[in-house]
Engineer: 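Sharing a structure with you now.
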Amino acid sequence: MNFLDFHKHYPDEESCKLAFKAHREKAGIICSRCQNTTHYWKKKREQWECKKCAHRTTLKSGTVMHNSKLSFQYWFIAMLFITSTKKSFSAKEVQKQLGHKRYEPIWAMMHKLRSVMGLRDDLYDLKEQVELDEGFFETVDMSRDYSKALKRGRGSEKQTTVLVSTESLDVEDKNKTLKPGKETKLRYIKMKVIDSLKKEVLKSEVDKTIEKGSVIKTDGSNSYNDLKTDYIHHPTVSTMTERSKLLPWAHTMISNAKRLLLDVHHRIDDDFLQNYLTQLDFFYPNFFISKNISKHNPMITSDIAFYRQYSK
Ligand SMILES: [Zn+2]
């Protein structure tokens with residue numbers, strides 16, 4: 001959805017509210033007290049009332065907007081920002097665009113949206129042909145204290161390890177015109193922050209991310225040795241320059257992600273790197289995949305279905 005379409009569909013607070021209500025009703029309202037699914041809509045209070053126990057559910061409760069005082073329109077605009085472009089937006093920029101006085105609520109909204117995207121990220125596994133590689137991101141170790149982190153205090157610089165997996169499809173290349181490494185088309189990406197490159201850590205992360213029996217390409221590092229038990233593992237010993245040919249998508253993703261994130265955020269708090277990466281996972285397939293595959297692809301649905309009913 002582009003800005004003009006967006007404005008046509010959601011010109012004001014009321015239209016956003018109505019659209020959100022319709023989405024929740026389509027997904028089904030579940031009473032948090034008795035799990036009943038039938039409700040009356042109380043128009044004056046703008047709440048649903050459970051037909052069994054009379055427990056009330058507000059429009060925002062149980063969703064990503066739970067307890068938020070920000071308007072529906074703010075949330076919609078933020079979602080448009082996050083989903084419509086391959087650029088990442090800083091909370092500062094969104095705050096400026098919205099003309100909102102305080103930084104903290106906007107910052108919290110952006111992070112909540114990114115973490116909701118992460119929930120969806122966990123719903124599917126990568127399969128068939130997967131490239132696996134690790135990237136090292138420059139981050140800053142901020143204070144664990146939430147409020148101090150917001151003040152953007154100084155922190156010590158560190159490197160955070162990210163495991164990048166990409167699923168790709170073969171592209172038909174009858175005339176053999178494609179460059180080596182480009183005979184495949186990227187489908188999905190997952191980027192996960194990991195604690196170390198120990199074999200056990202990698203294996204357990206791969207088990208969470210990739211379907212058993214898939215073909216996995218990695219570099220020649222010993223860290224990947226355990227993969228052969230459950231996967232078809234193709235390790236290749238490679239120098240840095242070979243990497244871009246042997247693991248073209250993973251390699252591209254790592255360098256693009258670094259560039260995009262540093263462009264926007266300058267200093268990345270290590271606690272939030274995962275959220276930023278999740279956002280990239282979300283929009284990258286959109287960017288690379290041709291439109292006709294999109295309707296079969298759960299990641300590509302750019303409608304607002306994903307912010308229905310995620311419990312906290
Ligand atoms: Zn109830």
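Atoms within each ligand, like the ligands themselves, are counted from 1 in listed order. The basis for the numbers below is simple: all heavy atoms, side chains too, and nothing from hydrogens, waters or symmetry mates. We count residues from 1, following the sequence as given.
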Engineer: With under 30° as parallel and over 60° as perpendicular, where do the rings of Trp107 and Phe272 fit, or are they tilted in between?
Structural biologist: perpendicular

Engineer: Would you please classify the geometry between the Phe6 ring and the Phe76 ring as parallel, tilted or perpendicular, with 30° and 60° separating the classes?
Structural biologist: tilted

Engineer: What is the total of protein N/O/S atoms that are closer to the Zn ion (ligand 1) than 2.8 Å?
Structural biologist: 4

Engineer: For Tyr74, what residues pass the ring pair (Phe, Tyr, Trp, His ring centres under 6.0 Å) criterion, not counting sequence neighbours?
Structural biologist: His100

Engineer: Tyr40: which residues meet the ring pair (Phe, Tyr, Trp, His ring centres under 6.0 Å) condition with it, sequence neighbours left out?
Structural biologist: none

Engineer: Validate the cation-pi geometry between Lys258 and Phe137: distance from NZ or CZ to the six-membered ring centre under 6.0 Å, angle to the ring axis within 45°.
Structural biologist: yes

Engineer: Applying ring pair (Phe, Tyr, Trp, His ring centres under 6.0 Å), name anything that partners Tyr231, two or more places apart in sequence or on another chain.
Structural biologist: none

